[in-house]
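We're numbering straight along the sequence, starting at 1. Note that the structure is predicted; figures quoted are calculated from it, not measured.
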Amino acid sequence: MLQNTIIGYPRIGSQRELKFLTEKYFRKEVSEAELRKEAEELRLSQWRMFKGKHIDWVPCGDFSFYDGMLDTACLLGAIPAAYKALGLKALDTYFAMARGYQREQGDVKALPMRKWFNTNYHYIVPVLEDSMELRLSGDDLFTMCGQALSIGIQAKPVLIGPFTFLKLARYQGKKARFAGKLAALYIEILAKLRALGVQWVQVEEPALVTDLCLEDIELFRELYSAILPSKGSLRVLLQTYFGDIRDIYRDVAAMQFDGLGLDFVEGKQTLSLIRNNGFPKDKTLFAGVVNGRNIWRNDYEKTLALLETLASYVEKDRIVLSTSCSLLHVPYTLGNEAAMDKKYKCHFAFAQEKLDELQVLQELFASANYTQNKLYRENVALIRAREQFADKEVQDAVAALQGKQFVRKPAVEQRRKLQQAALDLPILPTTTIGSFPQTKEVKRIRKAFKRGKLTAEEYTQHIREKIAACIALQEEIGLDVLVHGEFERNDMVEYFGENLQGFLFTQKAWVQSYGTRCVKPPIIWGDVKRTNPITVGYITYAQSLTKKPMKGMLTGPVTILNWSFSREDIEPREMAFQIALAIRDEVLALEAAGIRIIQIDEAAFKEKLPLRHTDWHKEYLDWAIAAFRLVHQSVKPATQIHTHMCYSEFEKIIKEIDAMDADVITFEAARSNLSIVDTLQRMHFRTEVGPGVYDIHSPRVPSVQEIEQSIYNILKKIPKEKLWINPDCGLKTRGRKEAVASLKNLVAAAKEVRQQLKETSVS
Ligand code: GLN
Ligand code: ZN
């Protein structure tokens, strides 16, 4: 019989219950028992809901108090010595690894955090120390599965596989071989699950969709040829997602897995792999056909055509319908969106609605004559109706774009001279990344306005007061290039979305970003257009208050696109260009209003870089860079364009970053020990740079001396004429006191270094 499953489900709670509760636990307002009790309730209600929706194989163990990689690390006993030494109980050790631990003898830092493949979900990076004795620790997974089974749920435990675990881990000390030990532990885990009466276990190996080398394939084989022979009656599903497994398909097809979970949404070659190699007769195909990463309704016509094709390679009863990845990446339910117009809502499927889709697809696929089915026909009609949201003017503008509109003239070196003359800044100019601390009061004002408790005039007045205070503060601190502070923005993407045509907003469509942090991405619904000025009012007001140059602050097209749920009916390139044209108009309006420096933030520029190197340029960088260039191509040579990126891990695309052709780029560097600076030097980076000289993610105030030292370190690699001095990201999450103290030290350090440089050049 045809069956269905999902890979995983959001866990934070449809009303973010788990988030709030966990945060209470952090503040010591609830006990561990209370936290666990409520979490259990959430799981139980979820399981019951799955049952009601006829999900055949229910993921179990996808629940997490913080992150699944961290859970796996703890399950395997991969707890670095520093956390063990704290002598805390298990749950607190777990949270200490996730968030760090403050104590009198000096704080213990959190484990590193990284983006989960090309999503905006962050996982905790396991750190493997060569002295580590791995052993099975903690039994949350087994307890959860036992509980599910006991209430009649067909639990399918989910585990991060050993290959992905080893690929994503960091090694401290010499890179010891953990493969053998790890295989032994997975054998133990499988045995325990089998003893519980589990039938299917899902072992997730998303790392298989990246470029694999021979050594990787060898490691994979080594791990699983050790693990699989002992599985006995337990059926092991090798689950992959976020792409296809072209480098290893034939190998895994020949291995002892009982099921293969393949992604037919993002896996461009998944179908052709089956076409060319067939599908192994001894395995069940878990077909990821419902998109786990986007929120549009499934196109039944397309999906069923795909399934029919698959049925010619695999008998239907060996196919389990599934999602393309965990539903963790989409919001809970449209049921929370009371304010959204039905005419929009009918086009979307959040996590819960995707369960319905799986059920319907299962029914349609099983029936001989599905084209007559009412649900099928409605779906076909709905998908066709989506063409209505076109804006001819925008489409024509994108179609008419020409090569020269992507090339700013003159070249950066010539522009630099003109900008220097126009701006008259000292060497090592000081600035910030844009936002200033968002006090409770600012948030209250924004909320009051949203709820209609303030008129537009009153609201604008409040924000202007904040701006004025922020300008005064920056003058007092002595910064060279000022910002308005971003008090009007709740979020750097949402704010622009709200002010552009073509975006939709949700009330509760939260998606976990990391730990207890959630984001609420806007939806790109139709063609994007700028219909009114967005930032000009506030920024020109700010400029009117100071003689120092104001830096206008915008969010760039690639970041807006990457942090939204995007359309599927047109290409990302097209969306990026539409947004770029809209932001370009804002850039030109700022310039026309006398703003001489404009920062176009591309915090998320790298996020959707394809997982396979062969796709980098064609599928992404070519248009992403072009979109950014389009935004600033037509400004005057003397107008200085800045950009900012959050993660400095762009060593591999340094040339491409340079090719964005900004005049200045500021980025996070403090945490990565300035290693990026070496790369900049080696690659003869042309753009001026502001590698963050201190880490804003921590409340600690860096001393003048410390900042000076890091400036000197940077100056060994970057010529002083090309260096800016700034923190490494926006200050909005910081408290005012520490932000001001840090900035004062930053300015003092820059002045000190300038003085030194002057003296040495004279002598
Ligand atoms: N200009 C933004 C700010 O300062 C940039 C935020 C970011 O990089 N994520 O808040
Ligand atoms: Zn940043």
Side-chain angles (χ1 to χ4, degrees), residues 393-394 396-398 400-402 404-412 414-425 431 434 456 460 463-464 467-468 470-471 480-489 492 495-502 528-557 559-560 577-602 626-644 660-664:
E393 196 187 313
V394 177
D396 290 347
V398 170
L401 287 171
Q402 294 174 359
K404 62 173 196 264
Q405 282 172 282
F406 298 95
V407 186
R408 186 176 173 199
K409 283 197 171 143
V412 65
Q414 281 131 292
R415 300 195 308 254
R416 183 165 303 139
K417 288 187 202 116
L418 298 169
Q419 289 164 18
Q420 266 161 7
L423 294 167
D424 193 26
L425 292 167
T431 190
T460 307
I463 297 289
R464 283 181 160 223
I467 292 175
C470 186
I471 298 289
D480 300 308
V481 171
L482 311 194
V483 296
H484 76 294
E486 301 183 25
F487 305 107
E488 76 286 13
R489 301 178 196 178
M492 64 188 287
Y495 181 73
F496 285 88
E498 279 170 350
N499 284 287
L500 292 168
Q501 169 197 295
V528 174
K529 186 152 88 182
R530 175 183 181 270
T531 52
N532 51 279
I534 304 171
T535 62
V536 180
Y538 288 137
I539 290 170
T540 48
Y541 170 69
Q543 183 66 82
S544 75
L545 303 173
T546 178
K547 290 211 166 53
K548 293 201 165 166
M550 272 297 305
K551 180 161 70 162
M553 195 58 61
L554 305 174
T555 303
T559 296
I560 294 181
F577 285 178
Q578 289 185 1
I579 303 169
L581 286 174
I583 302 296
R584 180 191 68 174
D585 290 350
E586 185 69 15
V587 167
L588 294 177
L590 284 172
E591 183 184 59
I595 304 300
R596 293 172 295 162
I597 304 183
I598 300 165
Q599 177 170 312
I600 306 158
D601 283 328
E602 283 292 13
F628 186 86
R629 292 171 66 119
L630 180 57
V631 173
H632 67 90
Q633 178 270 336
S634 42
V635 298
K636 297 184 189 118
T639 300
Q640 191 171 63
I641 297 295
H642 289 221
T643 188
H644 165 74
M660 290 164 74
D661 202 24
D663 298 300
V664 181

Using the side-chain contact (heavy atoms from CB on, under 4.5 Å) criterion, which residues pair with [X]? Sequence neighbours excluded.
X: T460; result: R464, Y538
X: Q501; result: D391, K529, T531
X: N532; result: N499
X: A397; result: L581

[atom2] on [Y] to [atom1] on [X], rounded to 0.5 Å:
X: F496; Y: I583; atom1: CZ; atom2: CD1; result: 5.5 Å
X: L500; Y: I534; atom1: CG; atom2: CD1; result: 4.5 Å
X: T535; Y: H484; atom1: OG1; atom2: NE2; result: 7.0 Å
X: D601; Y: T643; atom1: CG; atom2: OG1; result: 6.5 Å
X: T559; Y: E602; atom1: OG1; atom2: CD; result: 3.5 Å
X: T546; Y: L482; atom1: OG1; atom2: CG; result: 4.5 Å

*Carefully, step by step, assess V664 and T431 under the rule side-chain contact (heavy atoms from CB on, under 4.5 Å).*
CA-CA 12 Å; V664 181; T431 190; over 6 Å; no
*Find out whether V528 and V394 are in side-chain contact, i.e. whether some heavy atom of one side chain is under 4.5 Å from a heavy atom of the other.*
no
_Residues which pass salt bridge (charged side-chain N to carboxylate O under 4.0 Å, His left out) with R408, listed by chain and number, not counting sequence neighbours_ = D663
Which heavy atom of [X] sits nearest to which heavy atom of [Y], and what is that distance?
X: G434; Y: V483; value: O-CG2, 3.3 Å
X: C470; Y: F487; value: CB-CE1, 3.7 Å
X: F577; Y: A627; value: CE2-N, 3.6 Å
X: F406; Y: A626; value: CD2-O, 3.2 Å
X: V536; Y: A589; value: CG2-CB, 3.8 Å

Hey, can you pull the donor-acceptor pairs under 3.5 Å for the side chains in residues 630-638, sequence neighbours left out?
residue, atom, partner, partner atom, Å
H632, NE2, M660, O, 2.9
Q633, NE2, K404, O, 3.3
Q633, NE2, V407, O, 3.4

With [X] via side chain to side chain donor-acceptor pair (under 3.5 Å) - residues at least two apart:
X: D480; value: T430, R754
X: Q405; value: none
X: R596; value: none

*Quick one: which residue pairs count as a salt bridge (Lys or Arg N to Asp or Glu O under 4.0 Å) with a foot in residues 537-552, not counting sequence neighbours?*
none
*With sequence neighbours left out, which residue pairs that include part of residues 582-592 fulfil the salt bridge (Lys or Arg N to Asp or Glu O under 4.0 Å) condition?*
R530-E586
*Can L423 and V481 be said to form a side-chain contact (heavy atoms from CB on, under 4.5 Å), step by step?*
CA-CA 10 Å; L423 294 167; V481 171; over 6 Å; no
*How would you list, by chain and number, every residue that makes a ring pair (Phe, Tyr, Trp, His ring centres under 6.0 Å) with H644, sequence neighbours excluded?*
none
_Show, in sequence, the C-alpha distance, side-chain angles and deciding distance for T555 and Y495, and conclude whether the side-chain contact (heavy atoms from CB on, under 4.5 Å) test is met._
CA-CA 9 Å; T555 303; Y495 181 73; over 6 Å; no
